[in-house]
Amino acid sequence: RQQRQRYLTFILLCVLIQQYANSFVLHHSLYGITSSGKSILKKESSLPMSNPTSTPQTTTTTQDDKSKSSEKTTSPNTFRVVSTWSKAGIGTCIVIEKNTDLSKSGTRIVFDIGATPIIEDTLSSSIIIISHGHIDHVGGMFSHARAHSLMCGGSVPTYYVPEALVPKIEQMRQVMSDLDATCITPPSNDDDDDDGDKHVSSHGRNQSLMKMNIVGIKGGDEIELKQRKNHGARLFLRAFDVNHGGHPALGYTIVSQTPGKLKMEYQNLPSKDIRTLVQSGVPIKEEPTEEIQVAYTGDTCALGLLKKKNSKEENGKSALYLQQAFTAPLIFCEMTFLDVDNDEDDVSSNKKKTKKKRLLDQTFAQERGHMHLQDIVPVLTSHGWDILSDDNDATASTDDTTSTTTTTTTLSNTNSDPSSISNKSQIIFYHLSGRHGPASYALSQILKSNVLPPKLLERCSVSVASFLSEEIDNNDSVQQEEESGGGDETKINILSLVRNDGCISLSDYAKYIWRK
């Protein structure tokens, strides 16, 4: 009886601690408290809830205002970006959540789970999708499994990983479980306390709290994802092969499928007659529809993303899923290297060196299985994106509802031309190399290169959360100079441009620089 009372007391204490932690996280997310204790102004994420090309607002928005604005644009079959943190070789983690009733949490999905500062945002998610096995993309996997089990009442999260990596991860799980359960001396069942209770070892438990469901997946596979509330639509994960320097790696799309409605000719029939038709094998419903919601490229070079000219030579479904990825309204695309020498005043001898440098830089990226800034346009145009023309009529509407538009097709017609929606898709670039930091330098490099055409630039954002520490120090120095009356108006302070998801819109940054 006393053991049960102790156990119940312990459970109650855990619940109270969790409630306190949740309130702290809420305060953290609302006021943008940094790890150093400094507060920065954060913009509400505009992907994919609002138009990314709008001028950044510097005024603080109340929680009620956010709720009202979200109610107007929220659709059950769209995803919002919760947080991003990515730096090549250090860690990558992308957290998205399906929109749902504002009073409840939607299905949360995590792409890659490196050991990053946003791991707390992943703990409630039971769907972790791994692109490949490099440590900067899986380093937080076992921490997540243990914490999720503690926080979610023993719930077992599912990890979708490239099939070739399953044996390795199973070995790691066994090792980590043994380490987690190691005791100096095992609990003894023979020793009694003075009150007659069995003695519990002070050295800790001898069972691991690490529970994991590891599912292998390969290019061309489709797996249904379990979600909290489906609103009549089912979620599916589709995998496509990419090229990450020979390492087993995959890209993914998230697809929602909505059951077909009852055909018009049967809508007024009594239920008894409809039942008879079903029993006789008559199809009474329309074809189900699907919406390509989100695409995630994982780590890959351009060769892994270019549209396959002959899908029969490749995995047919994998090539199809790759093509569908570039019709998604929200695309996470790797971009590691930015080096571009764009000096047009060089003499002819230097121009040859410039061309050689460009070639080497893209070759360097390809050899290591990564994307270069100059690879973006060729990849997108290979999938039919009309981003190079000067036709202003092709520019996407700036209405807020544009960004929540999704590609709807019947299951029998999945080969639709993506050019019709390419201007509505939004891209978040992630995985920048640390050599391009701080964030303001990386963003300036992208703009100065003139590689991305204006039609594409207005739809792009960059994950910069991993590059903000130097920007915070710069912000402090700018504020001190302004307070002393000696501030330099040309100094860059980009913290006000950072959204809650850890990204900055390239169009917002361009406008900011132009005003400077």
Would the distance check show the side chain of [X] and the main-chain N or O of [Y] forming a donor-acceptor pair, the cut-off being under 3.5 Å?
X	Y	result
Tyr509	Ser440	yes
Asp221	Ile223	no
Asp136	Gly89	yes
Tyr252	Phe111	no
His247	Gly133	yes
His137	Ile113	no
Ser449	Ile446	yes
Lys87	Ser466	yes
Thr381	Pro378	yes
Thr84	Asp501	yes

To the nearest 0.5 Å, what is the distance between [atom1] on [X] and [atom2] on [Y]?
X	Y	atom1	atom2	result
Leu250	Ile129	CG	CD1	11.0 Å
Ile96	Ile109	CD1	CD1	5.0 Å
Arg435	Gln445	CZ	CD	10.0 Å
Leu380	Cys333	CG	SG	7.0 Å
Ile128	His148	CD1	NE2	8.0 Å
Tyr430	Phe332	OH	CZ	9.0 Å

Is the distance from the ring center of Phe364 to that of Phe337 below 6.0 Å?
yes

I'd like to know whether the aromatic ring centres of Phe467 and His436 sit less than 6.0 Å apart in this structure.
no

Aromatic plane relationship, His134 with His132 - under 30° parallel, 30 to 60° tilted, over 60° perpendicular
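The arrangement is perpendicular - the two ring planes meet at more than 60°.
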
Going by the rule salt bridge (charged side-chain N to carboxylate O under 4.0 Å, His left out), which residues pair with Arg368 if we only count those two or more places apart in sequence or in a different chain?
none

Would you call [X] and [Y] a side-chain contact if the rule is heavy atoms closer than 4.5 Å?
X	Y	result
Phe326	Val379	yes
Ser86	Leu432	no
Ile387	Arg459	no
Leu235	Lys226	no
Asp241	Leu322	no
Ile504	Leu443	yes
Thr122	Cys93	yes
Tyr441	Pro438	yes

Looking just at side-chain N and O atoms, do [X] and [Y] make a donor-acceptor pair shorter than 3.5 Å?
X	Y	value
Glu334	Thr336	yes
Ser256	Gln293	yes
Arg499	Ser461	yes

Closest approach of [X] to [Y] (non-hydrogen atoms, all atoms of both residues):
X	Y	value
Pro162	Pro248	CG-O, 4.0 Å
Asp299	His370	OD2-CE1, 3.5 Å
Phe142	Met172	CZ-CB, 3.5 Å
Val451	Leu373	CG1-O, 3.7 Å
Ser149	Lys211	OG-CD, 3.9 Å
Cys152	Ser124	SG-CA, 4.4 Å

Might you work through the side-chain contact (heavy atoms from CB on, under 4.5 Å) test for Cys503 and Val462, ending with a clear yes or no?
CA-CA 5 Å; Cys503 301; Val462 182; over 6 Å; no

For a side-chain hydrogen bond (donor to acceptor under 3.5 Å, both in side chains) check, start with the C-alpha distance between Asn243 and Thr300, then their side-chain angles and the critical distance, and finish with the verdict.
CA-CA 5 Å; Asn243 187 327; Thr300 179; 5.9 Å; no

Other residues, nucleotides, ligands: >12 heavy atoms within 6.0 Å of Phe236 CZ
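Yes, the 6.0 Å shell around CZ holds more than 12 heavy atoms from other groups.
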
List in chain and number order the residues that pass side chain to side chain contact (heavy atoms under 4.5 Å, CB included) with Ala295, two or more places apart in sequence or in another chain; answer none if no residue qualifies.
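Counting only residues at least two positions away or on another chain, Ala295 forms a side chain to side chain contact (heavy atoms under 4.5 Å, CB included) with Thr253, Ala325, Ala328, Ile331.
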
Could you tell me which residues satisfy side chain to side chain donor-acceptor pair (under 3.5 Å) with Tyr296, sequence neighbours excluded, listed by chain and number?
Asp112

For side-chain contact (heavy atoms from CB on, under 4.5 Å), just list the numbers for Lys98 and Thr78, CA-CA rounded to whole Å, side-chain angles, deciding distance to a tenth of an Å, and then say yes or no.
CA-CA 6 Å; Lys98 187 177 179 182; Thr78 57; over 6 Å; no

For side-chain contact (heavy atoms from CB on, under 4.5 Å), just list the numbers for Met212 and Thr158, CA-CA rounded to whole Å, side-chain angles, deciding distance to a tenth of an Å, and then say yes or no.
CA-CA 6 Å; Met212 305 173 69; Thr158 300; over 6 Å; no

After noting the C-alpha distance and the side-chain angles of Arg234 and Glu290, does the key distance pass the salt bridge (charged side-chain N to carboxylate O under 4.0 Å, His left out) rule?
CA-CA 9 Å; Arg234 302 159 68 190; Glu290 71 174 28; over 6 Å; no

Please determine whether side-chain contact (heavy atoms from CB on, under 4.5 Å) holds for the pair Val82 and Arg108, giving the CA-CA distance in whole Å, both sets of side-chain angles, and the decisive distance to 0.1 Å.
CA-CA 9 Å; Val82 177; Arg108 182 164 290 198; 3.9 Å; yes

